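Structure first, then comments.
Treat the numbers as computed from the prediction; the structure is a model and nothing was measured.
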Amino acid sequence: MKTTLPCAVSLRLPGWVARFVASYDGPLASDEERMRFVVALAGENVERGTGGPFAAAVFGGRPARLLSAGVNLVVRGRCSAAHAEVVALALAQRAAGTHDLAAPGVGPCELVTSTEPCAMCLGAVPWSGVTRVVCGARGKDAEAIGMDEGAKPARWTAGLKRRGIAVRRNVRRAEAREVLRLYALRGGPIYNGKQKS
């Protein structure tokens with residue numbers, strides 16, 4: 001039996017993302033400013049109908065500079081792994097030329113995400129090399145619109161801390177939660193809704 005399997009995975013950010021990043025004129029020096037940028041990116045993804053209500057960005061070096069920005073591409077890319085955090089981490093690693101964002105000359109790096117990482121994205125964080133995660137909305141905020149965040153440990157922040165990764169939560173949470181609400185209000189697909197047992 002002859003079978004031809006795909007030999008490449010390709011995900012492409014919507015064209016507007018590069019223009020959004022290039023035209024963004026707000027400062028990015030503080031957690032609040034970086035979260036404002038990420039939440040605006042998530043909101044734009046909803047407004048344009050190009051993906052789920054999530055965005056993330058990786059900042060690296062001192063002073064911190066934007067290495068990558070990602071949006072949720074699950075439905076558009078037909079790939080359940082294409083969450084904003086995974087996309088942002090992959091793009092940052094590509095830009096840095098290494099799988100390790102803690103490599104000399106790259107870090108320290110931080111992941112700023114509009115909503116706390118789901119179970120899959122939480123698994124990607126320690127292996128990425130980031131030393132800090134900054135979160136907007138809570139996982140329960142995503143669950144409130146029907147998303148399934150997966151089986152995360154109750155004390156996931158403590159688990160990351162034990163690995164040397166600091167976590168800051170609730171940064172601009174109300175704004176991030178509003179993007180989730182808008183997505184649900186517009187009838188955006190709940191592509192990983194809670195599974196019935």
Would you mind checking if [Y] and [X] are paired as a salt bridge, meaning a charged N to carboxylate O distance below 4.0 Å?
X	Y	value
Arg138	Asp141	no
Glu32	Arg168	yes
Glu143	Lys140	no
Asp31	Arg36	no

Shortest non-hydrogen contact from [X] toward [Y]:
X	Y	value
Leu73	Pro14	CD2-CD, 3.7 Å
Trp127	Gly123	CE3-O, 3.1 Å
Thr113	Val38	C-CG1, 4.1 Å
Ala42	Ser114	CB-OG, 4.0 Å
Gly52	Asn45	O-ND2, 3.0 Å
Ala69	Leu41	CB-CD2, 3.8 Å

Shared ILVMFWY cluster between [X] and [Y], side chains joined below 4.5 angstrom?
X	Y	value
Val71	Val87	yes
Leu91	Val21	yes
Tyr24	Phe54	yes

Q) Is it true that the NZ or CZ of Arg65 lies under 6.0 Å from the centre of Phe59's six-membered ring and within 45 degrees of the ring axis? A)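 Here Arg65 fails the 6.0 Å and 45° test against Phe59.
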Q) So with a 6.0 Å cut-off around CZ of Arg186, is the heavy-atom count from everything else above 12? A)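 Check passes, neighbour count above 12.
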Rounded distance [0.5 Å steps], [atom1] in [X] versus [atom2] in [Y]:
X	Y	atom1	atom2	result
Glu110	Thr131	CD	OG1	7.5 Å
Asn72	Glu85	CG	CD	8.5 Å
Asp100	Ser128	CG	OG	8.5 Å
Lys152	Thr157	NZ	OG1	9.5 Å

Q. Aromatic rings Phe20 and Trp16: how do their planes relate, parallel, tilted or perpendicular, breaks at 30° and 60°?
A.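 Answer is perpendicular, since the angle exceeds 60°.
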Q. Quick one: are Val112 and Val58 in side-chain contact, heavy atoms under 4.5 Å?
A.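 Heavy-atom side-chain distance check fails, nothing below 4.5 Å.
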